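Residue numbers run from 1 in the order of the sequence given. Order of appearance sets the numbers: ligands from 1, and atoms from 1 within every ligand. Since this is a predicted model, take the numbers as computed values, not measurements.
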Amino acid sequence: MELKLPDMSPILDWYRANARKLPWRRTRDPYRIWVSEIMLQQTRVEAVLPYYHRFLARLPDIAALADCPEGELMKLWEGLGYYSRVRNMQKAAKGIMSQYGGAFPQNFEQILSLPGIGEYTAGAIASFAFDLPYPAVDGNVLRVAARLLAFEEDVLAPASKKALTAAVWAAQSPERAATYNQAVIELGATVCLPNGTPKCEVCPLAGVCRAREQGLQTVLPVRKKPTPRKVEERTVLILREGDRVALRQRPSSGLLASLFEPFSLKGRLSAGEVMEKLTGAGLEILRVGDLGAAKHIFTHVEWQMQGYEVILCEKSAETGLKKLDQGLFFVRRYEIDEGYAVPSAYSAYRPFM
Ligand code: ADE
């Protein structure tokens with residue numbers, strides 16, 4: 001399918017006058033742009049800003065990222081989620097050090113071949129840092145294009161994505177790759193908003209938008225419903241002895257790889273059942289307190305949790321813990337703050353850790 005967008009040039013002036021002043025737009029340093037794009041992949045701009053500044057203050061360049069100890073790296077990312085993003089960044093940083101002598105590659109194919117960098121991110125870095133003429137089409141941009149064209153098919157189908165990307169790219173101002181890409185992203189992020197609330201009254205392209213002309217701006221884009229998430233019920237146990245709580249490290253691959261977490265049991269158990277299980281495993285318990293229910297939504301799975309604080313008897317705490325799970329160990333609360341990255345999936349229970 002071939003799609004043709006209207007003249008997009010009004011967005012360049014619109015962008016200059018209206019764009020948010022974001023720190024990664026005031027730099028041409030590919031490293032800083034890369035960090036921002038990776039953080040922005042699953043996280044909102046406002047949430048990214050403090051992480052972005054802290055990350056770059058501690059890791060100002062590729063060499064620093066390549067050398068950062070894993071625990072510290074996870075700590076810098078704690079709260080942003082999707083930790084494989086930062087693991088891939090470190091892998092890429094090490095590759096840049098060894099393959100390119102520490103200089104970020106300036107060639108699109110080389111950028112695209114770095115771990116964790118897909119078509120969108122490679123196009124964003126190539127255009128923002130080096131003004132190379134490559135498209136950077138993310139969800140924001142697909143929405144803008146689908147509305148401008150009154151495109152009624154599923155935008156996430158590969159053929160749609162390909163055709164919309166080609167249309168966005170054919171409509172660019174080639175000598176302005178950076179501004180053009182930023183401008184379309186910005187229009188999608190601040191004007192051509194998702195969920196049926198576009199601000200057409202301030203849009204520089206309202207006059208040429210086919211969705212608006214046909215009254216379809218609130219129903220487009222069409223996205224096929226993804227398969228429903230799997231629900232997992234877990235009972236989260238904050239095992240405490242004095243000012244120490246028990247943690248274990250998750251496996252080195254899979255969801256939340258290598259991060260630290262409290263002990264948990266499958267299913268949603270009552271306080272009585274928790275008591276029974278733990279006593280059966282050989283722990284001596286002084287008290288079980290209800291910490292309430294919480295849930296956390298990942299891309300493919302949803303955790304529905306019930307939390308309890310379990311106060312252990314000092315004498316047998318250490319041996320009981322090992323009987324329960326060889327991986328569990330006690331840490332003091334202040335030590336968690338300093339050195340153990342706990343995923344935000346557990347944030348409802350973090351005050352008790
Ligand atoms: N989302 C993804 N990339 C972005 C950028 N450069 N500016 C604002 N939001 C973004």
Side-chain angles (χ1 to χ4, degrees), residues 8 11-56 65 77 79-86 88-89 92 104 106 108 111-112 114-148 155-156 161 164-165 168-169 171-173 176-195 197-199 202-205 221 223 299:
M8 298 288 277
I11 64 170
L12 299 175
D13 283 341
W14 171 84
Y15 177 77
R16 286 189 199 97
N18 295 285
R20 292 167 294 175
K21 307 274 182 280
L22 300 173
W24 45 86
R25 291 182 176 161
R26 282 196 298 261
T27 179
R28 290 263 167 174
D29 178 352
Y31 173 67
R32 290 175 173 253
I33 290 166
W34 176 34
V35 170
S36 77
E37 289 299 335
I38 299 297
M39 287 185 171
L40 287 163
Q41 275 171 9
Q42 322 263 0
T43 313
R44 287 171 310 108
V45 166
E46 305 74 50
V48 159
L49 285 167
Y51 283 95
Y52 178 77
H53 293 299
R54 187 182 65 166
F55 192 93
L56 291 173
L65 171 58
W77 207 263
L80 277 172
Y82 302 99
Y83 292 79
S84 57
R85 292 185 287 170
V86 69
N88 275 329
M89 261 209 292
F104 202 95
Q106 302 200 11
F108 178 81
I111 298 173
L112 182 62
L114 294 170
I117 295 191
E119 292 276 344
Y120 163 76
T121 306
I125 298 170
S127 61
F128 301 161
F130 308 121
D131 243 322
L132 294 173
Y134 286 91
V137 176
D138 68 353
N140 283 322
V141 177
L142 284 177
R143 181 170 61 254
V144 171
R147 284 184 177 150
L148 285 170
V155 286
L156 295 181
K161 222 169 151 175
L164 290 166
T165 299
V168 169
W169 199 235
Q172 71 157 330
S173 322
R176 300 259 164 75
T179 311
Y180 176 76
N181 282 343
Q182 289 278 19
V184 193
I185 290 172
E186 188 69 355
L187 193 71
T190 64
V191 173
C192 198
L193 298 174
N195 306 322
T197 55
K199 298 185 187 165
V202 295
C203 179
L205 299 175
R223 286 167 190 268
T299 312

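Between the side chains of T43 and Y82, no donor-acceptor pair is found at a separation under 3.5 Å.
Between E119 and K161, no side-chain nitrogen of the basic residue sits less than 4.0 Å from a carboxylate oxygen of the acidic one, so the salt-bridge criterion is not met.
A donor-acceptor contact shorter than 3.5 Å links the side chain of S127 to the backbone of A124. A distance-only check finds no donor-acceptor pair linking the side chain of R147 to the backbone of P198 [under 3.5 Å]. No donor-acceptor pair closer than 3.5 Å links the side chain of D138 to the backbone N or O of Q41. Using modelled atom types, one side-chain atom of E186 and one backbone atom of R20 make a donor-acceptor pair closer than 3.5 Å.
Of all atoms in ligand 1, listed by their number and element, those nearer than 4.0 Å to a heavy atom of F128 are 6 (N). For ligand 1, the atoms lying closer than 4.0 Å to a non-hydrogen atom of Q182 are 5 (C), 6 (N), 7 (N). Numbered from 1 in the order shown, with element, the atoms of ligand 1 that lie under 4.0 Å from a heavy atom of Y120 read 2 (C), 3 (N).
For atom 7 (N) of ligand 1, the nearest non-hydrogen atom of the protein is R25 NH2, 3.1 Å. Closest to atom 5 (C) of ligand 1 among all protein heavy atoms lies W24 NE1, 3.6 Å. Atom 10 (C) of ligand 1 has its closest protein heavy atom at L40 CD1, 3.6 Å. Summary of contacts: the protein heavy atom closest to atom 6 (N) of ligand 1 is E37 OE2, 3.0 Å.
Checked against a 3.5 angstrom limit, the closest N/O atoms of D138 and ligand 1 fall outside it. Ligand 1 has no N or O atom lying under 3.5 Å from any N or O atom of E186, backbone or side chain.
Atom CZ in F128 sits 3.5 Å away from atom CD in Q182 (nearest 0.5 Å).
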